[in-house]
Amino acid sequence: MADEEYNFTLLEQKWQRQWEKTGLVRAIRPGRPNFYSLNMYPYPSGVLHMGHVLNYTIGDVVVRYKILRGYNVLSPMGWDSFGLPAENAAIRTGVSPHDFTENNIERMRGQMRRAGWLYDWNREFATSHVDYYRWNQWFFLKLFEKGLVVKKTAPVNWCDSCQTVLANEQVKDGECERCGSSVTQKDMNQWFYRLSEYAERLLAGHDKLRGHWPDAVLAMQAEWIGKSVGAEVEFRVRETGEPLPVFTTRPDTLWGVTFMSIAPEHPLVEKLTRGSPYEREVATAVQRMRNLGTSVKELAEREKEGVFTGFHVINPVNGAEIPLWVANFALMSYGTGAVMSVPAHDQRDWEFAKKYNLPIIKVIDPPDGSGPESWTGAYVGSGAIVNSDQFSGQPDNFQAIPAIVDWLADNGKGGKRVNYRLRDWLLSRQRYWGTPIPVVYCDTCGIVPVPLKDLPVVLPTDIDFTQGQGNPLLRSPSFVNCKCPSCGKPAKRETDTMDTFVDSSWYQFRFADPHNDSLPFAGEKIAEWLPVSQYIGGIEHATMHLMYARFFTMALHDLGLLDFEEPFERLFCQGMVCKVAYRCEVCKWLPSEDVMVVQQDGKRELEPEAAEAVFKRIENQSLTPDGLAAEGLALICRRSGDPVRFEMTKISKSKLNIVDPDAMMDRYGADTVRLYVLSDSPPDRMQIWTEDGVNGSWRTINRLWRLVMDSLAKVAPVGSVVPPDLTGVDRELRRKTHQSIGRITEAIEGGYQFNTAIARINELLNFLRSSRDKANPAVLREVLEVIVITLSPIIPHFAEECWAKLGHLESVFLHTWPEFDPEAARLDSVEIPVQINGKVRERLQVPPDLAAAELERLVLENTKVQGLIAGKTLVKVVVVPGRMVNLAVR
RNA sequence: GGGGGUGUGGCGGAAUGGCAGACGCAGGGGAUUUAAAAUCCCCCGAUCAUUGAUCAUGCGGGUUCGACUCCCGCCACCCCCACCA
């Protein structure tokens, strides 16, 4: 009867229907605490990838575990459905972004249901629906009123291929995060959210998050905020008296300033040099610096370059007159756009001074007393201050900084200043498929925000995507032409749309009240569920989504819409899912079908079975490139005949090493896939996908199925009570069961260590397999139920079926997580290792609660121990009751 | 250059400062089978050896009766940021 394999196709569908029918995730059970579990919602690309599978499976285990623990759980799902891919598809194929998106959502929703993830689909929404994005406009207007929205001209990142600006956070290594083409800088008049206003609060908020968010995320955000404490110092242009303040973190080196560097874009450059003898030379140099490679990548790799302006500045601390240079390393966007240069104690200034032959003055004395003549670079360490008027002789330059800053402030030469690297959030995008920015341009009234009552500004649908270039909204007269809300004259609408990160900055709140059509959300619904108890997603959002969402929450708090400032109490970031990928020197990445295994001498191709074995070993990492060569084998590209290398890398379409979740679920069922992604590595580490591994999880499920089916005849009826005073196998089995409950619970609670939780369940299973035939029927029921319940968050369909087969009429998720009984888990005796100088020499069986003195006596009376220490001096006896004994002898 | 993280068998990984390698994958052997798959049982860090011993958690020190674990100094790899004044 138990010979059949577990029929996942039928059973998984059956239980999914059942959960939906009974509304498992919607069941609000009064008197229970609320728990809001949220997974980062996906962009509806049309297919789930393995990263989603890992992310949402972790989330689903949390949801189901919390249900079993007696919580009311909110587990919503929605769609981050604005964005470029839909628009690009429209340009390519002519299908409207709306239809493209809706079709994709349909497909992905099906895949999600099939995976068995529990979501309350009644709360589903897509951000590209006007019911959602109208609130983006509403918030924009509220924040505009509050002064948190600005339109300004600034150097922005421009992606020519996407034909839009990008936020700083969306530029990676000088390339567009989305399409990979190189990003250039240009000045544009754009909309911004004043993120930088919140720099200090965003940083301070980390105190609350520490311990609940991964350290790496907090570190990345702190770095991105880039707080640095220093001083502002009031330099002045000698020739014109114009102020030219600088920011410095090293006021202790002020007396060592030998020149001033100013950014090429600095307005003072043109203002000063216009009409001067240096005008032409400076202007050409500035042109060259600004134009020669505006790509962000080139900017970073450029060599130091500068030009003298012909002007000088006066150092307020000592009246020194120093030359003013334009330097390509000075950034207009940081500090004041001007840098005081101290070549003796700053490596960058050192290089510049050497190149242009500028003076170098030592003001910090290194311990060895050496000077710049003998240095090969700037001295950046600590030492005594020299050549610095009244501060000369201070023994430690860094300790002297506060006194110097105070002196600057007292004498009107400057003062303390905190600077942040965080810049404002560039909001506008020159694209169609996003939230229209609710603003009108009027020749008479200027920039006029759309009144709240006129919302929403609806994205028009009468667009031809296959014609023309640039933002398609410009080609929709019915959209562009409007009346000025203020004076009623003809006006033009803003055609820029919002960055999609606006959508994801507050979606976590909308899930609490998704159908509200008079407000983005009602306060009482927020109070019920928010902040999010557990948020789960990828670490790649550390400085983007997670920073914006925190900012938005703080801003909404300041608008009086929320009474908390942090949206996500706990954050968990899952690891990447990786798989081996093959790369040909000529054809780049290859699918494994295009890789041929050959014998090195003679280039003879291996038989299919032998080749498959080789691929398998490569996938398992049991065959390294060296190992392959040692066996006289080589990999060759089937297309070009060139050598092929392999590496373990993130599963991605571009590397051609994707694993299709649908295909896996066809073959093994959702539960097997769920079990596999959780069973090998801790979920925050890199996961390695192997075919053998999935198959192993499939075998595990079948072994378990047979075990449960074979036990049905022997198991006591539902509700049977385990008799007291168990002995032998029964006592052992029950002890193991309760020990397991304790350790499984600990593994889940202590940071989602599902791999160890699964290992603990396997141990219990192995033990049960060896003792089942002798077990008391009631004990057998207890252990089987513990196994089924503890596995149910991970492999829910399977667990439900077993639960039903065990005679239960209600869902396993209506039961409670098993109670750990310390009495049942208690050991009758423990084995105590006896160490001599740290090495185990003997073992004793003793009662678990034997007192230290008793244990020591037993050990010292043991004849074997006596023999081992005979003739030696007993220096120390260490007794850890219930654990071990160590004898230190000489 | 700065920050964060990780180093343990062929592989993924276990170990409140207390028996290193749980659990699983791969591998080897056996049973079953006409055969294969599946299943079940056994072995599986290294070296030496007869029961047993010695060495082993990236490297070097330290603290401790006792260190994968704590401290100091290196090395390697991964991720993030980077002309940030």
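Just the heavy atoms: all of them, side chains too, but no hydrogens, waters or symmetry mates, feed the values below. All chains are named by letter (A, B, ...) in the order of the sequence lines, taking the proteins before the strands, and each is independently numbered beginning at 1.
Between A:F259 and A:F352, the ring centre distance stays below 6.0 Å. Side-chain rings of A:W689 and A:Y676 approach one another, their centers coming within less than 6.0 Å. Aromatic ring centres of A:W705 and A:F8 lie farther apart than the 6.0 Å criterion allows.
When the side chain to side chain donor-acceptor pair (under 3.5 Å) test is applied to A:T737, no partner is found at least two apart in sequence or on another chain. With sequence neighbours left out, the side chain to side chain donor-acceptor pair (under 3.5 Å) criterion links A:N766 to A:R769. Take A:K774 and apply the salt bridge (Lys or Arg N to Asp or Glu O under 4.0 Å) test, not counting sequence neighbours, and it matches no residue. In terms of the side chain to side chain donor-acceptor pair (under 3.5 Å) criterion, residue partners of A:K655 (sequence neighbours excluded) are, by chain and number, A:T649. Residues satisfying the salt bridge (Lys or Arg N to Asp or Glu O under 4.0 Å) criterion with A:E351, sequence neighbours excluded, are A:K304. Considering only residues two or more places apart in sequence or on other chains, A:E607 meets the side chain to side chain donor-acceptor pair (under 3.5 Å) condition with none of them.
Between A:D424 and A:S196, the side chains place a donor N or O and an acceptor N or O closer than 3.5 Å (distance only, hydrogens not considered).
Residue A:E351 is out of contact with every strand shown, counting any heavy-atom pair closer than 4.0 Å. A:A327 comes within 4.0 angstrom of nothing in the nucleic acid, heavy atoms only. Using a 4.0 Å heavy-atom distance criterion, A:P214 is classed as making no nucleic acid contact.
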What protein N or O atoms touch nucleotides 53-56 of chain B N or O atoms at under 3.5 angstrom, if any, and at what distances?
{"residue": "B:U54", "atom": "OP1", "partner": "A:R841", "partner atom": "NH2", "Å": "3.2"}

Pick out the pairs of N or O atoms, protein on one side and nucleotides 24-26 of chain B on the other, that lie under 3.5 Å.
{"residue": "B:G24", "atom": "OP1", "partner": "A:N766", "partner atom": "ND2", "Å": "3.4"}
{"residue": "B:C25", "atom": "OP1", "partner": "A:R699", "partner atom": "NH2", "Å": "3.2"}
{"residue": "B:A26", "atom": "OP2", "partner": "A:R699", "partner atom": "NH2", "Å": "3.3"}

Output a table of nitrogen or oxygen pairs between the protein and nucleotides 2-6 of chain B separated by less than 3.5 Å.
{"residue": "B:G2", "atom": "N2", "partner": "A:E223", "partner atom": "OE1", "Å": "3.1"}
{"residue": "B:G2", "atom": "N2", "partner": "A:E223", "partner atom": "OE2", "Å": "2.9"}

Base, backbone or nothing for each nucleotide of nucleotides 63-69 of chain B, written B, S, -, heavy atoms under 4.0 angstrom, 5' to 3'? --BS---
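Along RNA chain B, the nucleotide closest to A:N755 and the one closest to A:S228 are compared, and the more 5′ of them pairs with A:N755. With the nearest nucleotide of RNA chain B identified for both A:P682 and A:L623, A:L623 has the one nearer the 5' end.
Smallest separation of non-hydrogen atoms from A:A263 and A:V326: C-CG1, 4.3 Å.
By the neighbour-count criterion of 12 heavy atoms within 6.0 Å, atom NZ of A:K413 is densely surrounded, having more than that number from other residues, nucleotides or ligands. Other residues, nucleotides and ligands contribute only 12 or fewer heavy atoms inside 6.0 Å of the NZ atom of A:K416.
Set against B:A22, B:U16, B:C19, the side chain of A:R883 has B:U16 as its closest nucleotide. Nearest nucleotide to the side chain of A:R843, out of B:A15, B:C19, B:C83: B:C19. Counting only heavy atoms from C-beta on, A:R348 has its side chain closest to B:C84 among B:C84, B:C23, B:G13.
Separating the P atom of B:C65 from that of B:C84 is a span of 49 Å, rounded to the nearest Å. For the C1' atom pair drawn from B:C77 and B:G61, the interatomic distance equals 23 Å after rounding to whole Å.
The backbone N or O of A:T253 sits nowhere less than 3.5 Å from a side-chain atom of A:H345 that would complete a donor-acceptor pair.
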Under the criterion side chain to side chain contact (heavy atoms under 4.5 Å, CB included), I'd like the reasoning laid out for A:T700 against A:N762: C-alpha separation, chi angles, the key distance, then a yes or no. CA-CA 9 Å; A:T700 300; A:N762 270 325; 4.2 Å; yes
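Between A:K616 and A:E691, none of the side-chain N atoms (NZ, or NE/NH1/NH2) sits under 4.0 Å from a carboxylate O, so this pair counts as no salt bridge.
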Reading RNA chain B 5' to 3', how would its secondary structure be written in dot-bracket notation, given Watson-Crick and G-U pairs with both distances under 3.5 Å, brackets [ ] for crossing pairs and | for partners on other strands? (((((((..(((.....[....))).(((((.......))))).((((...))))..(((((..]....))))))))))))....
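Base orientation for B:G9: syn, the chi torsion being within 90° of 0.
Per the geometry, CE belonging to A:M686 stands 13 Å off P belonging to B:C11, to the nearest Å.
Listed by first and then second residue, the side chain to side chain donor-acceptor pair (under 3.5 Å) pairs involving residues 254-263 of chain A are A:W255-A:D389, A:S261-A:S341 (not counting sequence neighbours).
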